[in-house]
There are 2 protein chains.
Amino acid sequence: MELNKKQLAAQGYRLTKPRQEIFAVLKHKPQSVADIFEQLQQKKLKIDKVTVYRTLENFVKLNLVAETQFKDGISVYELADHEHHHHVLCENCGRIEDICLDENLLMKAVKKSSSFLIKSHRLEFFGLCQKCC
Amino acid sequence: MELNKKQLAAQGYRLTKPRQEIFAVLKHKPQSVADIFEQLQQKKLKIDKVTVYRTLENFVKLNLVAETQFKDGISVYELADHEHHHHVLCENCGRIEDICLDENLLMKAVKKSSSFLIKSHRLEFFGLCQKCC
DNA sequence: ATATTATTGCAAATCAGTTGCAATAAGTCA
DNA sequence: TGACTTATTGCAACTGATTTGCAATAATAT
Ligand SMILES: [Mn+2]
Ligand SMILES: [Mn+2]
Ligand SMILES: [Zn+2]
Ligand SMILES: [Zn+2]
């Protein structure tokens, strides 16, 4: 997936250097703001942390990026290039693995047991990756 | 459930006014630190916000209170008087409802599809309560 | 090339939560 | 009860993450 000028323009956004660079960094793996900022610095790019915040906010609005909150309320951002899924986080090294589940049964059970109109959910797992086991 | 002197003493904790008051406030419903602090103020109790933080931390250590992180990374605390369960949060009014689920199937599916050793998980639902529908 | 305005970077502000420390008060024991 | 020990509290200062205001910059349209 590429950051595309037309797609941005359609919503009144411009294709800029910082946006391209942040998008490129996200291609590697899901990362926090701090992670992304560090990567940019390593690349010797003088992009302000504020710009990272603002860019991610915009990417999320544009559905280009998905935000996941892990423990401690720190968000991790990843390119929204595949379907709804969840994550396992290694509590030792921070590695993240995607988890795809069939959620029909779960959602059916919830709708039955709750009086609320369910709109969305969040599900994360924590544990140890193979390396850290 | 009552905050009990012996139980606290057994772990070297003392039964104090702030602890009793915070416990009492939690009896009403699950709440954030800000919520709890506001309740205390409405009761004209001069209890510092720092004390609320420290007290909740202790209650969690003592397994008297359970902490849940909703969106935005803000924790909500509730008396730990029932089993492991999850929550639905009303996106309009903030009301919280408990959800008890049989998670065997879910956990089995996850263990099968992940290479990680799963230790714990977090699951929350968002939607609208009956009043807000 | 010029004009328009979205975007950026910097500094300052805000916000949640933490820490250090001296004053206070709960529990203990004579 | 009153003195003693030490856990607890409140206050102020601090931290780290995120937000905001604003003037300078740069992307797009004409
Ligand atoms: Mn993912
Ligand atoms: Mn609950
Ligand atoms: Zn690991
Ligand atoms: Zn509601």
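Naming convention: chains lettered A, B, ... in sequence-line order (proteins, then strands); numbering from 1 in each chain.
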Taking atom C1' of C:dG27 as reference, at what distance in whole Å does atom CD of B:Gln11 sit?
16 Å
So if I take every side-chain heavy atom of A:Asp48 and compare against C:dG9, C:dG27, C:dG20, which nucleotide ends up nearest?
C:dG9
Between A:Tyr13 (OH) and D:dA29 (C1'), how many Å, whole number?
20 Å
Base, sugar-phosphate, or nothing for A:Lys17, non-hydrogen atoms under 4.0 angstrom?
nothing
Identify the heavy atoms of A:Leu79 and A:Phe23 that sit nearest to each other, and give their distance.
CD2-CE1, 3.8 Å
Whole angstrom value for the distance that separates P of C:dA16 from CZ of B:Phe37
12 Å
Verify the contact: side-chain N or O of B:Arg14 to OP1 or OP2 of C:dA25, cut-off strictly under 4.0 Å; return yes or no.
no
Taking B:Asp98 as the fixed residue, which of B:Glu83, B:His86, B:Glu78 is the one that meets the side-chain contact (heavy atoms from CB on, under 4.5 Å) rule?
B:Glu78
Pick base, sugar-phosphate or nothing for A:Lys49, based on heavy-atom distances below 4.0 Å to the nucleic acid.
nothing
Shortest non-hydrogen contact from A:Cys90 to A:Leu128?
SG-CA, 3.9 Å
Could you give the CG-to-P distance, from A:Asn4 to D:dT28, as a whole number of Å?
12 Å
Main chain of A:Val25, side chain of A:Gln31: is a donor-acceptor contact present, judged purely on distance under 3.5 Å?
yes
In whole Å, what is the span from the CD atom of B:Gln41 to the P atom of D:dG10?
12 Å
Just N and O in the side chain of B:Lys5: are any of them under 4.0 Å from OP1 or OP2 of C:dG27?
yes
Parallel, tilted or perpendicular: ring planes of B:His85 versus B:His82, cut at 30 and 60 degrees
parallel
Tell me the interatomic distance from B:Tyr53, atom OH, to C:dC15, atom P, rounded to whole angstroms.
13 Å
Between C1' of C:dG9 and CD of A:Glu21, the distance in whole Å:
16 Å
Give a yes/no answer on whether the side chain of B:Thr16 brings an N or O atom under 4.0 Å of OP1 or OP2 in D:dT9.
yes
Respond yes when some side-chain nitrogen or oxygen of A:Thr51 is under 4.0 Å from OP1 or OP2 of C:dT7, and no when none is.
no
Does A:Arg54 put a side-chain nitrogen or oxygen below 4.0 Å from OP1 or OP2 of C:dT8?
no
Comparing nearest nucleotides in DNA chain C, the 5'-proximal residue of the pair B:Val33, A:Thr55 is A:Thr55
Send over the distance from B:Glu57 CD to D:dA7 P, rounded to a whole Å.
16 Å
Give one of base, sugar-phosphate or nothing for A:Leu15, where a contact means two heavy atoms less than 4.0 Å apart.
sugar-phosphate
